[in-house]
There are 2 protein chains.
Amino acid sequence: MTARTSNDTARDIPEATVARLPIYLRALITLAEDSIETCSSEELATAAGVNSAKLRKDLSYLGSYGTRGVGYDVEYLRYQIAREIGVTQDWPVVIVGIGNLGHALANYSGFRSRGFRVVALLDADPDRHDEVVAGVDVRPFDELEEIAAEHGVAIGVIATPALAAQDVADRMVTAGIASILNFAPTVLSVPDGVDVRKVDLSIELQILAFHVQRKTAASALAQENSA
Amino acid sequence: MTARTSNDTARDIPEATVARLPIYLRALITLAEDSIETCSSEELATAAGVNSAKLRKDLSYLGSYGTRGVGYDVEYLRYQIAREIGVTQDWPVVIVGIGNLGHALANYSGFRSRGFRVVALLDADPDRHDEVVAGVDVRPFDELEEIAAEHGVAIGVIATPALAAQDVADRMVTAGIASILNFAPTVLSVPDGVDVRKVDLSIELQILAFHVQRKTAASALAQENSA
DNA sequence: AGGAGTTTGTGAACGAGAGAACAAACTGAG
DNA sequence: CTCAGTTTGTTCTCTCGTTCACAAACTCCT
Ligand SMILES: NC(=O)c1ccc[n+]([C@@H]2O[C@H](COP(=O)([O-])OP(=O)(O)OC[C@H]3O[C@@H](n4cnc5c(N)ncnc54)[C@H](O)[C@@H]3O)[C@@H](O)[C@H]2O)c1
Ligand SMILES: NC(=O)c1ccc[n+]([C@@H]2O[C@H](COP(=O)([O-])OP(=O)(O)OC[C@H]3O[C@@H](n4cnc5c(N)ncnc54)[C@H](O)[C@@H]3O)[C@@H](O)[C@H]2O)c1
């Protein structure tokens with residue numbers, strides 16, 4: 001049981017750490033662009049907006065890539081993190097729902113530079129099918145399975161209205177796409193083993209609103225008490 | 001010291017709970033649209049995609065709005081959560097950077113229906129200033145302070161390139177905007193008391209990529225071992 | 001009224017993550 | 001070589017969040 005290959009580093013990176021690795025990667029790329037070759041955990045932590053102890057602990061899950069008394073080699077660490085995340089080569093991605101948001105996503109050059117390649121844009125509306133967005137033409141949604149198989153797509157983005165999102169997710173799962181980024185404001189139910197992340201802008205605004213209200217209520221209260 | 005008004009319920013809602021309240025609100029609105037008047041914690045939890053114990057604990061921070069043996073009144077709970085978040089009336093919002101993403105955001109009707117009103121669209125590029133997006137015309141970025149003061153804007157959205165984001169954030173803070181939603185892939189540094197939330201799509205994709213890689217590595221390993 | 005059946009609200013156990021603190025490992029000067 | 005100074009990797013503690021489990025509170029049926 002549990003036979004392991006020799007190269008097994010028995011690592012099991014905490015989810016909170018995984019979520020920060022891309023931030024470190026971005027910070028390292030910025031440092032590299034400024035021709036900085038070495039940095040301390042303190043410097044990198046500042047650039048990433050985190051505590052240096054947290055940064056060091058996060059990096060320690062990947063291995064021991066720093067040098068005590070010196071710091072980290074920017075280029076080396078950048079590569080190690082990219083390798084750990086898996087963005088040393090491009091991942092093919094499909095975007096479904098080429099409306100307002102889908103257009104913005106398709107036109108976004110930042111994906112390409114960060115390890116993702118949009119291989120297809122799909123929409124159910126035939127009126128969209130003539131269009132070419134950022135060099136990729138919009139195809140009928142029915143071609144999902146075919147395109148996913150052809151390009152080995154593992155990641156799908158949902159930018160359809162909320163009502164369509166569950167159907168789209170189901171089709172993606174059928175097509176072998178086990179990682180989904182969902183922009184529609186709805187809860188997706190998917191089989192075990194399928195990974196869903198959601199981005200909900202209204203929720204973010206509502207969280208901000210909550211804190212604004214709390215702050216203003218607190219200051220109003222203080223004013224009242226001092227009067 | 002610590003004089004309090006009579007109505008002080010001494011509540012101090014955990015951040016993790018605050019982040020879920022909008023999800024519950026959305027689920028309740030969906031239930032109400034389906035003419036469902038009452039629901040149990042189990043039903044609401046399923047609709048929101050969380051554990052029912054967690055849901056009940058979350059709601060208990062707001063007060064005791066359910067009835068044992070019965071469940072929650074959908075409309076009543078919906079109002080209580082909306083009031084707690086502060087979305088019983090509209091919050092004025094400005095969006096800065098009306099490019100690909102800014103256009104999508106400006107055109108998004110979901111903000112309005114969820115308690116936010118886009119009062120201004122700002123861009124530094126004079127070529128953008130003729131345009132009208134979703135009934136709001138694009139104004140020069142310099143008018144930020146004036147517009148913020150006029151409408152009492154508390155929330156700002158940054159959709160500019162990363163390089164401009166820090167400057168925009170600084171100007172927002174100066175203009176009295178203490179809550180910022182940042183789409184630019186950069187770390188913002190702001191004074192204490194200013195609340196920043198970020199949305200970074202590339203990071204979300206990278207997190208998905210990490211898990212895909214982990215899964216495929218694991219199955220490759222299993223196959224190798226069984227061979 | 002009483003008892004069976006539901007469902008909430010919460011105390012308590014458990015687990016994950018954050019941060020402080022420090023030994024170990026390195027550099028460079030003398 | 002030795003010693004002072006620097007910075008990592010890791011241990012320990014504390015805080016925050018999740019989940020379990022159950023008494024309290026309600027409904028409905030007899
Ligand atoms: N626009 C934004 O800034 C914004 C912000 C937050 C959330 N969202 C969410 O993102 C989603 C998309 O928003 P949008 O503004 O782009 O909407 P949109 O209506 O402009 O675009 C939706 C697109 O999806 C297509 N579509 C509908 N059903 C489909 C299906 N079954 N299969 C494939 N394609 C289908 C439509 O043809 C349309 O082109 C919505 O769920 C919205 O709530 C958008
Ligand atoms: N488009 C997307 O789907 C997407 C996805 C993820 C992240 N982002 C991020 O969102 C931001 C905007 O992306 P985009 O694709 O809309 O870019 P864009 O280049 O299309 O638009 C940027 C807009 O900001 C304006 N601008 C530049 N400097 C400004 C300043 N100092 N003050 C005010 N306005 C200024 C520009 O004139 C332009 O209109 C970028 O940081 C990008 O990395 C975009």
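So you know, we letter chains A, B, ... as the sequences are listed, proteins then strands, and number each from 1. This is a predicted model, so every value here is computed, not measured.
Judged by distance alone, the side chain of B:T30 and the main-chain N or O of B:R26 form a donor-acceptor pair under 3.5 Å. The backbone N or O of B:T186 sits less than 3.5 Å from a side-chain atom of B:N182, completing a donor-acceptor pair. Between the side chain of A:E43 and the main chain of A:S40, a donor-acceptor pair closer than 3.5 Å is present.
A side chain to side chain contact (heavy atoms under 4.5 Å, CB included) with B:Y61 is found for exactly one of B:L21, B:I13, B:D12, namely B:I13. When each of B:T160, B:L101, B:V157 is checked for a side chain to side chain contact (heavy atoms under 4.5 Å, CB included) with B:I95, only B:V157 meets the rule.
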Under 3.5 Å, N/O pairs linking protein and nucleotides 1-4 of chain C:
none

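Salt-bridge annotation for A:E204 and B:K198: absent, with no side-chain N of the basic residue lying under 4.0 Å from a carboxylate O of the acidic one. Taking 4.0 Å as the cut-off between side-chain N and carboxylate O, A:K215 and B:D195 do not count as a salt-bridged pair.
Distances shown here put a side-chain N or O of B:S64 below 4.0 Å from the OP1 or OP2 atom of C:dG9.
Relative to the ring axis of A:F111, A:R117 does not place its NZ or CZ within 45° and under 6.0 Å from the centre.
In this structure, B:L55 atom CG and C:dG9 atom P are separated by 10 Å, rounded to whole Å. Between A:Y72 atom OH and C:dA25 atom P there is a gap of 15 Å when expressed in whole angstrom units. Whole-Å rounding puts the A:K54 NZ to C:dA21 P distance at 17 Å. The separation between B:E42 atom CD and C:dG9 atom P is 14 Å, rounded to whole Å. Summarising the geometry, the separation between CG on B:L62 and P on C:dT10 is reported as 12 Å, rounded to the nearest angstrom. Separating the CZ atom of A:R68 from the P atom of C:dA21 is a distance of 19 Å, rounded to the nearest angstrom.
Comparing A:T17 and B:S60 by the nucleotide of DNA chain C that holds the closest heavy atom to each, the one mapping nearer the 5' end is B:S60. Ranked by how close their nearest DNA chain C nucleotide is to the 5' end, A:V70 and B:R56 are led by B:R56.
Side-chain N/O atoms of A:K57 and base N/O atoms of C:dG19 include a donor-acceptor pair closer than 3.5 Å.
A nucleotide of DNA chain D counts as in contact with chain A when one of its atoms lies under 4.0 Å from a heavy atom; the first and last such, 5' to 3', are D:dT6 to D:dC12.
Enclosure of atom CD in A:E145 by more than 12 non-hydrogen atoms of other residues, nucleotides or ligands within 6.0 angstrom is indicated.
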